[in-house]
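Worksheet: one structure, shown below.
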Amino acid sequence: MRKRILTTLMLVLVLILGACAQSSNGTGKNESGNIKIGAVLPLTGPAALYGQQTLDGAKLAAKMINDDGGILKGRKITLLTEDDQSKPELGVTKFKKLIESDKVDAITGGVNSSVNMATKDVAKNKLLNVVTVSKAPEIMSDRDSFRFRLNSTNDMDGKAFHKFMAEQLKPKTVAVIAENTDYGQAELKALKKNWSGNDNPKIVATEFFDLAETDFTNPLTKLKSANADALYVVGAAIEINSAIFKQAHQLGFNNTMKLLAPGNINSKMVELAGEGAEGIISADLYQNTIDNEMNKEFVAAFEKEYNRKPEKMEMLGFESIWFVAKAMDKAGSSTDYKAISKALESEDWKSPRGDLKFEDGQALGEVIPLTVKGGKVIPYQQ
């Protein structure tokens, strides 16, 4: 009898201890062991280079955190990656897999806005969702308090770069070639809004392309006939942007001002475009020469790990894991998403790009005008 009572008491004790190990916010996830963070990125398909660059930054952040002893009293970060191939429906499938099957503690990623538009509600009110790269403003509409975004939006970029083009570059007429996606449409909408006055550049021709395309000769030929002062390229894939500028060069756009939607200038794109990249003017929110201590540490660690310098995509990938982990550490939990979100929203964070703050889930920052000269991306000087 006594043995049976002792056995029962031990079973009750095990159940109590097991319950105590669960998170207190009702998620039912265990607050012990490695912290699983999911990353859904295009690792194959038209935006694969951007996806891989973003992943490299994310891996570095996880490594640096783990090498430093982890967070939450020694818990390490495990990064689980999935390939969305730039396809919205596949992105939804991968999001659900990470949340429902892999039971991740948080989810990050997103390069193509159309993918994040499709996935934005999959994690809604379930767990922390940090959108890494996608820029369409609508991604943050109907936002729950667990959704954040690191990259600037089309509207944020437009306030700076579109104004810069109109007031300093001063093309009178502009021909636009844009991807037929949520991102491409949002950029064109912002462009028209910011150039609505009589003294602003006039868009005289517009052509759209699908992400699967590789030959842009036909739309570029149509745009060339418009005899515009500038060609404005709106694309969120390295391979596509490089092909457009390379083919534009071959078609004789050499005396036309070459503009690239902000957030897309990249040394790999410049390398692939060859002579067609020379003179491109764009803007971005990060350069690896920014003078602050965290950026110096980030650049040095990245060069040691990958034998190349990081750019904006790598920096955003780094931030996506770094901020999630640091916010969890500050909140004292990997699954109390209210506390984690509050930490993200209330802190002034140190980043390779400088001091960073979130407002309604959106990271705030400014873009820097850049150009390509001698095959290198440098700050623009008139």
Side-chain angles (χ1 to χ4, degrees), residues 34-44 47-83 106 108-111 130 132-133 150-151 238-239 242 263-272 284-330 347-356 363 365 368 370 372-379:
N34 285 6
I35 295 167
K36 295 190 289 187
I37 302 177
V40 181
L41 295 163
L43 301 177
T44 59
L49 286 175
Y50 274 157
Q52 187 58 57
Q53 289 173 343
T54 306
L55 180 58
D56 287 345
K59 286 180 176 179
L60 179 65
K63 182 180 187 299
M64 289 175 66
I65 291 166
N66 291 342
D67 288 350
D68 197 39
I71 61 170
L72 297 171
K73 298 180 180 179
R75 297 176 65 190
K76 301 298 180 72
I77 302 296
T78 297
L79 189 61
L80 281 68
T81 60
E82 293 289 342
D83 180 12
T108 70
V111 168
V130 177
T132 309
V133 179
L150 297 172
N151 204 4
I238 291 174
E239 300 93 326
S242 62
N264 296 294
I265 196 163
N266 183 282
S267 61
K268 187 63 178 179
M269 183 273 294
V270 172
E271 176 189 331
L272 293 174
D284 219 329
L285 51 75
Y286 173 75
Q287 270 196 299
N288 53 37
T289 55
I290 291 174
D291 188 15
N292 68 59
E293 288 306 312
M294 188 167 186
N295 189 48
K296 291 175 183 177
E297 181 182 356
F298 167 62
V299 172
F302 193 93
E303 281 192 284
K304 182 179 179 181
E305 188 71 16
Y306 297 106
N307 197 32
R308 72 176 196 276
K309 288 185 181 294
E311 295 184 272
K312 195 271 296 287
M313 292 296 173
E314 291 91 340
M315 185 276 297
L316 289 174
F318 176 87
E319 282 186 344
S320 70
I321 305 303
W322 189 265
F323 288 153
V324 167
K326 295 301 180 181
M328 286 177 173
D329 205 35
K330 182 174 179 59
E347 286 288 307
D348 289 328
W349 296 97
K350 297 294 183 183
S351 163
R353 56 171 135 167
D355 292 341
L356 184 142
I368 307 164
L370 301 168
V372 178
K373 187 174 181 180
K376 296 185 181 296
V377 180
I378 62 171

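The figures here come from the full heavy-atom set of this structure, side chains too, leaving out hydrogens, waters and symmetry mates.
At least one donor-acceptor pair closer than 3.5 Å links the side chain of T108 to the backbone N or O of G38.
The CG atom of L55 lies 5.5 Å from the OG1 atom of T81; values are rounded to the nearest 0.5 Å. In this structure, OG on S267 lies 11.0 Å from NZ on K309, to the nearest 0.5 angstrom. The structure places OG1 of T132 at 14.5 Å from OH of Y50, a figure rounded to the nearest 0.5 Å. Between the CG atom in D329 and the NZ atom in K73 there is a gap of 10.5 Å [rounded to 0.5 Å]. The distance from atom OG1 of T289 to atom CD1 of I368, rounded to the nearest 0.5 Å, is 7.5 Å.
A salt bridge does not link E297 with K350: every distance from a Lys NZ or Arg NE/NH1/NH2 to an Asp or Glu carboxylate oxygen is 4.0 Å or more.
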request  = Would you please test R353 and E319 for salt bridge (charged side-chain N to carboxylate O under 4.0 Å, His left out) and show each step?
outcome  = CA-CA 10 Å; R353 56 171 135 167; E319 282 186 344; 2.7 Å; yes
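With sequence neighbours left out, the side chain to side chain contact (heavy atoms under 4.5 Å, CB included) criterion links D284 to I265, K312, L370. Checked against side chain to side chain contact (heavy atoms under 4.5 Å, CB included), L80 has the following partners two or more places apart in sequence or in another chain: K36, T78, L98, D102, V104.
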Show every donor-acceptor pair shorter than 3.5 Å between a side-chain atom in residues 320-327 and any protein atom, with sequence neighbours excluded, or say none if there are none.
from	atom 1	to	atom 2	distance (Å)
S320	OG	G317	O	2.6

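Counting heavy atoms from C-beta on, the side chains of K304 and L60 never come closer than 4.5 Å.
Side-chain contact check for N266 and Q53: at least one donor-acceptor pair (N or O, by modelled atom type) lies under 3.5 Å.
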